[in-house]
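Bear in mind the structure is a predicted one, so any value in this text is a computation, not a measurement. All chains are named by letter (A, B, ...) in the order of the sequence lines, taking the proteins before the strands, and each is independently numbered beginning at 1.
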Amino acid sequence: MKIEPTSLEAYRLLHQGTLALARAERQGIRCDVEYIESAKKRLTKQIERLEQKFLSTKFYRHWEHTVKGKVNIYSDTQLRIFLYTIKKLKPLKTTETGKGSTDEEALLGLGIPELNNLLQIRKLKKNRDTYLDGFLREQINGYIHPSFNLHLVRTYRSSSDRPNFQNIPKRDKESMLLTRRALFPRPGHQLLGIDYSGLEVRIAACYHKDPNMLKYIHDSTTDMHADMAKQIFMIDDFNKDIPEHSYLRNAAKNGFVFPEFYGDYFRNCAEGMACGWGKLPHGRWKSGEGVNLPGMALSDHFISKGIKSLDDFTNHIKEIEKDFWGNRFREYAKWKEQWWKTYQKNGFIKMKTGFTCSGIMGRNDCINYPVQGAAFHCLLWSFIRLDTILDRFNYKTRLIGQIHDEIVFDVYPPELEKILILAKEITCKELPRTWKWINVPLSVDAEVCDVDASWADKKKIEIP
DNA sequence: GGAACTCGCCAC
DNA sequence: AAACGTGGCGAGTTCC
């Protein structure tokens with residue numbers, strides 16, 4: 001399988017993109033070496049304490065007993081043998097190669113309290129060894145210079161390495177604070193992130209033009225994820241401002257809508273939602289389980305609606321999927337079929353951005369690549385344009401990185417307002433003016449940190 | 001003793 | 001009919 005620029009414009013995008021990203025790499029991101037060193041020490045102490053606690057448990061002593069040599073509690077191979085061969089527990093899921101899984105979901109599912117301890121240690125080690133250590137190893141004079149690659153990803157998205165700037169913790173509050181507290185703007189400056197909202201969904205709509213999707217995108221009073229949450233969780237009076245409802249909206253978005261767009265199907269979605277977000281087990285559900293809705297646990301809520309087990313829930317999601325592709329997004333579904341057929345006939349597909357994907361692709365690849373690629377190209381075009389303007393008009397603000405649909409700036413504070421306006425103009429107005437195939441409105445959100453504050457301190461800001 | 005692999009987990 | 005898209009990276013293990 002191969003993707004290549006098959007228009008001059010596509011070639012130029014990569015050429016200019018490489019230059020603009022190289023300038024961001026040269027700028028780098030300041031990091032607080034002292035903080036990193038002390039945070040590492042703190043983490044090491046915490047890890048040692050948790051290790052001691054783990055080593056004194058009955059669970060570990062049993063494990064130790066069954067092994068000839070020394071136990072390495074961080075060896076998944078050893079843990080797998082102990083859990084699934086010695087203790088003869090049934091693995092809740094298997095790995096790619098068919099062996100019993102020891103990932104977080106699988107371990108939690110076993111209901112062994114000592115394993116929660118191990119999971120906690122894993123998390124701390126990840127933060128210490130991948131992120132903090134990575135920053136420390138890669139920093140030069142207090143600056144890291146992550147690489148941004150345009151030549152490594154199948155879809156012609158970008159990747160980042162040494163260190164990877166595109167996977168620094170964000171969702172988990174504790175990990176986010178720990179790692180992002182290490183990254184700073186240059187002295188006297190402030191960090192700013194401008195990100196496209198729902199970019200891939202919008203770019204997909206440029207291909208399939210489904211009227212219902214276009215309505216969701218154009219009409220800001222509608223909310224696709226809220227509608228899906230109402231349907232999945234059977235809530236009549238949905239209110240985004242109720243924290244529980246907001247939680248369920250997220251569950252619907254990440255547990256159903258996005259996986260379906262990537263090509264997943266109801267069985268995985270149901271299981272993922274039930275076990276991941278709702279913490280509801282396989283088999284029948286008991287009262288009091290799952291996340292709390294106002295005055296009621298999720299399990300009671302479902303039971304009251306006649307959904308009493310994971311099987312019931314799976315059937316429920318199956319019906320919703322049928323409605324999703326058969327009614328709600330019928331034109332989208334038709335486009336997917338048509339697109340797949342066209343590929344099978346021609347052996348290639350063309351991205352909106354002038355790249356051609358050819359060679360052997362699966363059905364999901366065929367549908368995902370042109371969307372993922374073109375969405376990133378929107379970001380790259382905006383990045384190049386901003387880079388040009390900042391340079392031409394001698395701004396002191398710099399571009400320092402990019403995370404697929406977000407541009408990260410190191411802002412000279414007196415320029416903040418101008419930068420916000422400029423960024424919005426380029427990303428939402430100039431881009432669609434230049435690329436006529438963008439037939440949907442684009443929008444961006446902004447998050448900014450105070451002057452001299454770390455990347456952990458970012459707050460939403462309105463763009464004037 | 002290093003290359004290549006697997007697994008788990010972070011991001012979009 | 002089939003069934004989650006794209007990466008990077010650390011640690012453990014296996015192979016040569």
Sequence neighbours left out, what passes side-chain hydrogen bond (donor to acceptor under 3.5 Å, both in side chains) with Tyr196(A)? Give chain and number order.
Ser382(A)

Pick base, sugar-phosphate or nothing for Leu199(A), based on heavy-atom distances below 4.0 Å to the nucleic acid.
nothing

Starting from C1' on dA3(C), measure out to CZ on Phe261(A) and report it in whole angstrom.
17 Å

Strand-adjacent residues in residues 264-274 of chain A, judged by heavy atoms under 4.0 Å from DNA chain C
Asp264(A), Tyr265(A)

Contacts of Thr427(A) that satisfy side-chain hydrogen bond (donor to acceptor under 3.5 Å, both in side chains) - sequence neighbours left out
none

Which side-chain N or O atoms in residues 255-276 of chain A pair as donor and acceptor under 3.5 Å with protein atoms at least two apart or in another chain?
from, atom 1, to, atom 2, distance (Å)
Glu260(A), OE1, Trp325(A), NE1, 2.9
Asp264(A), OD1, Asn268(A), ND2, 2.8

Does the gap between the ring centers of Phe355(A) and His377(A) come in under 6.0 Å?
yes

Roughly how far, to the nearest 0.5 Å, is the OG1 atom of Thr18(A) from the NE2 atom of His15(A)?
7.5 Å

So, with a heavy-atom separation below 4.0 Å from DNA chain B, the residues of residues 332-344 of chain A are none

Which residues satisfy the salt bridge (Lys or Arg N to Asp or Glu O under 4.0 Å) test with Arg157(A), sequence neighbours excluded?
Glu200(A)

When the side chains of residues 75-83 of chain A are checked against the rest of the protein, which donor-acceptor pairs come out under 3.5 Å, sequence neighbours left out?
from, atom 1, to, atom 2, distance (Å)
Ser75(A), OG, Thr77(A), N, 3.4
Ser75(A), OG, Gln78(A), N, 3.0
Asp76(A), OD1, Arg122(A), NH2, 3.3
Gln78(A), OE1, Asn72(A), N, 2.9
Arg80(A), NE, Gly100(A), O, 2.7

Nucleotide range of DNA chain B contacted by chain A, 5' to 3', under 4.0 Å to a heavy atom?
dT6(B) to dC12(B)

Among all residues two or more places apart in sequence or in another chain, which pass the side-chain hydrogen bond (donor to acceptor under 3.5 Å, both in side chains) test with Asn116(A)?
none

Any residue of residues 100-112 of chain A with a heavy atom less than 4.0 Å from an atom of DNA chain B
Ser101(A), Thr102(A), Asp103(A), Glu104(A)

For Glu37(A), enumerate each residue passing the side-chain hydrogen bond (donor to acceptor under 3.5 Å, both in side chains) test, keeping only those at least two apart in sequence or located in another chain.
none

Can Glu331(A) and Lys209(A) be counted as an ion pair, charged N to O under 4.0 angstrom?
no

Would you mind building the protein contact string for nucleotides 6-16 of chain C? One character per nucleotide, 5' to 3', B for base within reach (heavy atoms under 4.0 Å), S for sugar-phosphate only, - for untouched.
BBBSSSSS---

